[in-house]
> 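My questions will all concern the structure given below.
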Amino acid sequence: MQKTIEFINEKTNNFKPETGIILGSGLGELADEYCDFAIPYNDIPDFIKSTVHGHKGRLVFSEIQDKKIVMMQGRNHFYEGHSMREITYPVKVMKALGVKTLILTNAAGAVNESFKPADLMLITDHINNMGSNPLIGPNDDALGERFPDMTEVYKKTLITTAEKCANKLGIEVKKGVYWANSGPSYETPAEIKMIRKLGGDAVGMSTVPEATVANYCGMNVLGISCITNAASSDTSGKLSHEEVIEAADSAKAKFKSLILEILKNI
Ligand code: HPA
């Protein structure tokens with residue numbers, strides 16, 4: 001960790017971000033627009049490179065709305081074959097850099113029948129169905145507890161702030177529970193029915209590992225899903241990654257203005 005932090009500090013002239021944002025599929029534009037320093041993951045000691053199309057794979061530092069921000073433009077996923085520990089290492093790096101609030105974003109499929117493509121959902125809670133947990137293994141007591149409480153992973157105060165910001169901008173936001181599967185296959189119709197019955201509103205393949213680690217090391221988390229498709233049991237056609245990227249693309253303007261307004265108010 002010390003090697004990673006020293007490397008980043010040298011590249012950024014000791015930039016000290018207070019807020020972190022992880023930008024999901026098709027939502028990386030913010031980091032193109034606001035970019036004072038950018039470091040490709042490939043260059044950073046102990047980071048793993050991003051392989052998915054639509055993910056750029058770099059750490060971007062910038063001052064936005066008078067706040068010092070670090071952004072992950074693209075994230076690593078469990079389904080790429082990396083361990084849960086590896087994919088959540090950047091969250092621990094953000095913590096070590098001084099980040100106190102982490103905004104997690106993702107593209108997700110709708111499970112709740114009232115959701116439609118290009119809707120934004122504030123994550124109120126999650127269900128981890130990925131089959132693993134990023135905190136498995138020896139515990140670093142300096143970072144967090146062995147058995148961390150998970151009662152309020154997604155901070156209510158941040159959700160309220162995000163709702164107020166959305167209202168002010170005239171953007172409609174939904175709220176709901178994010179269900180995480182490992183992927184990479186999308187869900188079968190039977191699985192979608194099960195997720196709906198068990199309380200999931202949206203389904204995706206990310207965010208839960210990062211939220212779990214951020215909560216563990218005492219960060220305040222806000223999660224926003226961009227709904228990119230109706231869940232597979234409800235669509236007449238098949239689901240493709242292209243469709244997911246296209247829907248995220250169509251929501252990116254409102255997504256970006258919401259993030260900017262939130263940054264102004266946290
Ligand atoms: N399922 C899982 N992950 C996703 C989906 C989906 O329907 N859409 C975007 N990411």
Side-chain angles (χ1 to χ4, degrees), residues 21-30 50-57 72-82 84 87-88 103-132 134 154 173-212 223-256 258-259:
I21 311 177
I22 299 185
L23 297 162
S25 305
L27 304 171
E29 202 182 72
L30 198 69
S50 169
T51 58
V52 183
H53 173 70
H55 299 258
K56 233 176 197 161
M72 285 187 74
Q73 194 173 26
R75 58 151 62 81
N76 297 112
H77 293 87
F78 190 47
Y79 61 71
E80 290 169 85
H82 312 298
M84 282 269 172
I87 60 170
T88 52
I103 303 176
L104 296 169
T105 72
N106 60 53
V111 174
N112 186 315
E113 281 158 316
S114 74
F115 293 0
K116 51 188 190 312
D119 274 350
L120 299 179
M121 181 190 89
L122 301 174
I123 303 176
T124 55
D125 204 350
H126 74 224
I127 295 172
N128 179 6
N129 190 52
M130 296 179 92
S132 189
Y154 304 89
V173 281
K174 314 277 190 186
K175 284 196 285 186
V177 172
Y178 177 87
W179 177 292
N181 284 334
S182 71
S185 46
Y186 290 120
E187 295 68 35
T188 63
E191 284 166 344
I192 292 296
K193 276 186 202 149
M194 174 194 76
I195 294 168
R196 192 174 292 133
K197 276 197 179 138
L198 294 182
D201 293 294
V203 56
M205 307 170 191
S206 68
T207 303
V208 162
E210 294 111 319
T212 303
I224 308 175
S225 291
C226 174
I227 302 298
T228 52
N229 53 280
S232 60
S233 65
D234 306 321
T235 46
S236 44
K238 288 185 175 174
L239 177 57
S240 70
H241 183 58
E242 285 66 36
E243 180 186 336
V244 166
I245 296 294
E246 260 170 46
D249 218 48
S250 75
K252 72 184 177 194
K254 74 173 171 182
F255 170 81
K256 197 169 68 187
L258 180 59
I259 295 279

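Atoms within a ligand are numbered from 1 in the order they appear, just like the ligands themselves.
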> Closer than 4.0 Å to some heavy atom of Ala107 - which atoms of ligand 1 meet that?
9 (C), 10 (N)
> Using a strict 4.0 Å cut-off to heavy atoms of Thr228, name the atoms of ligand 1 that fall inside it.
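Close to Thr228: 8 (N), 9 (C).
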> Taking only residues two or more places apart in sequence or in another chain, which ones pass salt bridge (Lys or Arg N to Asp or Glu O under 4.0 Å) with Lys256?
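With sequence neighbours excluded, Lys256 shows a salt bridge (Lys or Arg N to Asp or Glu O under 4.0 Å) to Glu29, Glu33, given in chain and number order.
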> Just verifying a value: how many Å separate Thr105 OG1 and Ile259 CD1, rounded to the nearest 0.5 Å?
6.0 Å
> Which value, rounded to the nearest 0.5 Å, describes the distance between Leu27 atom CG and Arg75 atom CZ?
9.0 Å
> A side-chain contact here means heavy atoms from C-beta on lying under 4.5 Å apart; do Met121 and Asp201 qualify?
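They are in contact (side-chain heavy atoms under 4.5 Å apart), so the answer is yes.
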> Distance under 4.0 Å to a non-hydrogen atom of Glu187: what atoms of ligand 1 satisfy this?
1 (N), 2 (C), 6 (C), 7 (O)
> Take atom NZ in Lys175; do more than 12 heavy atoms of anything else shown fall under 6.0 Å from it?
no
> Applying ring pair (Phe, Tyr, Trp, His ring centres under 6.0 Å), can you list everything that pairs with Phe78, at least two apart in sequence or on another chain?
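Partners of Phe78 under the ring pair (Phe, Tyr, Trp, His ring centres under 6.0 Å) test: none.
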> Is any N or O atom of Tyr186, backbone or side chain, closer than 3.5 Å to an N or O atom of ligand 1?
no
> Quick one: which ligand 1 atoms are inside 4.0 Å of a heavy atom on Asn229?
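Result: 5 (C), 6 (C), 7 (O), 8 (N), 9 (C).
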> Tell me the contacting part of Asn106 for ligand 1: side chain, backbone, both, or neither, using a 4.0 Å heavy-atom threshold, strictly below.
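Near ligand 1, Asn106 shows nothing, with every heavy atom at 4.0 Å or more.
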> Which of the atoms in ligand 1, numbered in the order shown and given with their element, are less than 4.0 Å from a heavy-atom of Met205?
2 (C), 3 (N)
